[in-house]
Protein chains: 2
Amino acid sequence: MSNLINISEAASLALHSMALIARNQPQRMNVKVLARDLDVSQTHLAKVFQKLSKNGLVKSVRGPAGGFELDKPAEDISFLEIYEIIEGKVNLTDCPLGKTHCVFETCIFGDELNRISADIYATLKEMNLSKF
Amino acid sequence: MSNLINISEAASLALHSMALIARNQPQRMNVKVLARDLDVSQTHLAKVFQKLSKNGLVKSVRGPAGGFELDKPAEDISFLEIYEIIEGKVNLTDCPLGKTHCVFETCIFGDELNRISADIYATLKEMNLSKF
DNA sequence: TTTATTTAGGTACTTCAATTCCTAAATAAG
DNA sequence: CTTATTTAGGAATTGAAGTACCTAAATAAA
């Protein structure tokens with residue numbers, strides 16, 4: 001069973017966690033609670049948050065009653081920003097498969113892959129944490 | 001650098017090879033030539049063709065002047081069929097992330113993931129080997 | 001009939017990303 | 001001040017995809 005859209009477990013965790021934190025504002029949430037709510041590995045989620053924290057999406061507070069909170073307004077945090085911090089920058093310009101050269105003069109997918117990639121990109125960019 | 005659409009190296013090889021074979025009809029092509037044309041590992045490509053052959057997409061002929069040829073008309077082989085043989089059946093009905101339960105009553109992606117997945121699916125289903 | 005070519009398929013190895021483990025550092029609470 | 005809680009981050013492990021290796025089976029050509 002396969003997925004057509006490329007969203008890793010880590011990126012999914014990031015997006016769902018951020019939505020939970022947004023929903024729980026202004027109280028912060030810690031990894032333990034988030035992992036329980038999402039029913040995922042606490043250590044994996046902790047790693048994900050190291051990235052989110054280092055990239056300025058969340059502010060971390062250590063110690064008892066510590067945890068994470070949004071570091072900017074919810075509407076200023078797009079799904080795309082979260083996605084790219086975890087998965088890396090999305091490449092829309094080159095071959096969607098990352099090839100630099102090809103036997104085919106014109107891509108066997110025509111323009112469909114580019115069309116769809118652009119659609120996903122725009123969709124992720126449009127969505128943000130304001131609705132939670 | 002990340003990809004929004006989920007197409008593995010193996011699936012890409014399968015699609016490109018099948019397009020080359022379609023283009024080269026009625027002569028068959030062997031793994032050696034295909035691997036050279038696509039500039040990929042011969043052994044990896046051979047593995048891919050074992051799947052394509054077992055699933056009735058290509059007919060194999062061993063020995064000198066052997067190789068692979070399409071086992072049905074080019075227009076009857078969709079990109080989706082090739083894709084699913086390599087990646088496994090696409091799942092459109094459940095959560096696009098493969099989760100069975102979720103803390104959120106309604107998916108954080110709204111209906112966007114389903115919409116895009118359906119778009120990709122339909123696109124792959126529509127495309128076939130007739131144009132090569 | 002013999003030989004060279006080519007696919008079939010099992011097993012093992014490699015590589016890279018995903019995940020886990022373990023210890024350190026920070027900090028609130030008592 | 002001490003302790004318990006929580007994040008930080010390096011190191012180790014796991015797992016999946018890709019790759020290589022090897023032998024067998026088929027078959028065309030010589």
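Hydrogens, waters and symmetry mates are skipped; everything else that's a heavy atom, side chains included, is used. The sequence lines fix the lettering, A, B, ..., with proteins before strands; numbering per chain opens at 1.
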Q.
Applying side-chain hydrogen bond (donor to acceptor under 3.5 Å, both in side chains), can you list everything that pairs with Lys72(B), at least two apart in sequence or on another chain?
A.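 With neighbours one apart ignored, the set is Glu81(B).
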**Q.** side-chain hydrogen bond (donor to acceptor under 3.5 Å, both in side chains) against Asn55(A), all qualifying residues, sequence neighbours excluded
**A.**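 side-chain hydrogen bond (donor to acceptor under 3.5 Å, both in side chains) list for Asn55(A), sorted by chain: empty.
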Q) Under a 4.0 Å heavy-atom cut-off, which of residues 37-50 of chain B touch DNA chain D? A)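 Of all residues in residues 37-50 of chain B, the ones placing a heavy atom under 4.0 Å from DNA chain D are Ser41(B), Thr43(B), His44(B), Lys47(B).
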Q. Where along residues 52-60 of chain B does a heavy atom come under 4.0 Å from DNA chain D, residue by residue in number order?
A.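 Of all residues in residues 52-60 of chain B, none places a heavy atom under 4.0 Å from DNA chain D.
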Pairing residues for [X] by the salt bridge (Lys or Arg N to Asp or Glu O under 4.0 Å) criterion, not counting sequence neighbours:
X: Lys47(B); value: none
X: Arg36(A); value: none
X: Asp39(A); value: none

Q. Which pairs, with at least one residue in residues 45-68 of chain A and sequence neighbours excluded, count as a ring pair (Phe, Tyr, Trp, His ring centres under 6.0 Å)?
A. Phe49(A)-Phe68(A)
(Q) Do Leu20(B) and Leu38(B) make a side-chain contact, defined as non-hydrogen atoms from C-beta onward lying under 4.5 Å apart? (A)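 They are in contact (side-chain heavy atoms under 4.5 Å apart), so the answer is yes.
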(Q) Are Gln25(A) and Glu69(A) packed together at the side-chain level, in the sense that at least one heavy-atom pair is separated by less than 4.5 angstrom? (A)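 Of all side-chain heavy-atom pairs linking Glu69(A) with Gln25(A), none is under 4.5 Å.
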(Q) Can you pull out the residues from residues 62-69 of chain A that lie within a 4.0 Å heavy-atom distance of DNA chain C? (A)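 Per residue number, the list reads Arg62(A), Gly63(A), Pro64(A).
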**Q.** Nucleic acid contacts of residues 20-36 of chain A, taken as heavy-atom distances under 4.0 Å to DNA chain C
**A.**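 Per residue number, the list is empty: none.
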Q: Describe, in one word, how the ring planes of His16(B) and Phe109(A) are oriented to each other, choosing from parallel (under 30°), tilted (30 to 60°) and perpendicular (over 60°).
A: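 Perpendicular, since the angle between the ring planes exceeds 60°.
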Q. Could you state the interatomic distance from CG (Leu4(A)) to CG (Leu113(B)), rounded to the nearest 0.5 Å?
A. 11.0 Å
Q) Any side-chain hydrogen bond (donor to acceptor under 3.5 Å, both in side chains) pairs touching residues 123-132 of chain A, not counting sequence neighbours? A)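 Every side-chain hydrogen bond (donor to acceptor under 3.5 Å, both in side chains) pair that includes a residue of residues 123-132 of chain A, provided the two are not neighbours, is Asp119(A)-Thr123(A), Thr123(A)-Arg115(B), Asn128(A)-Ser130(A).
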**Q.** Heavy-atom protein contacts under 4.0 Å, nucleotides 12-17 of chain C, coded B base, S sugar-phosphate only, - none
**A.** ------
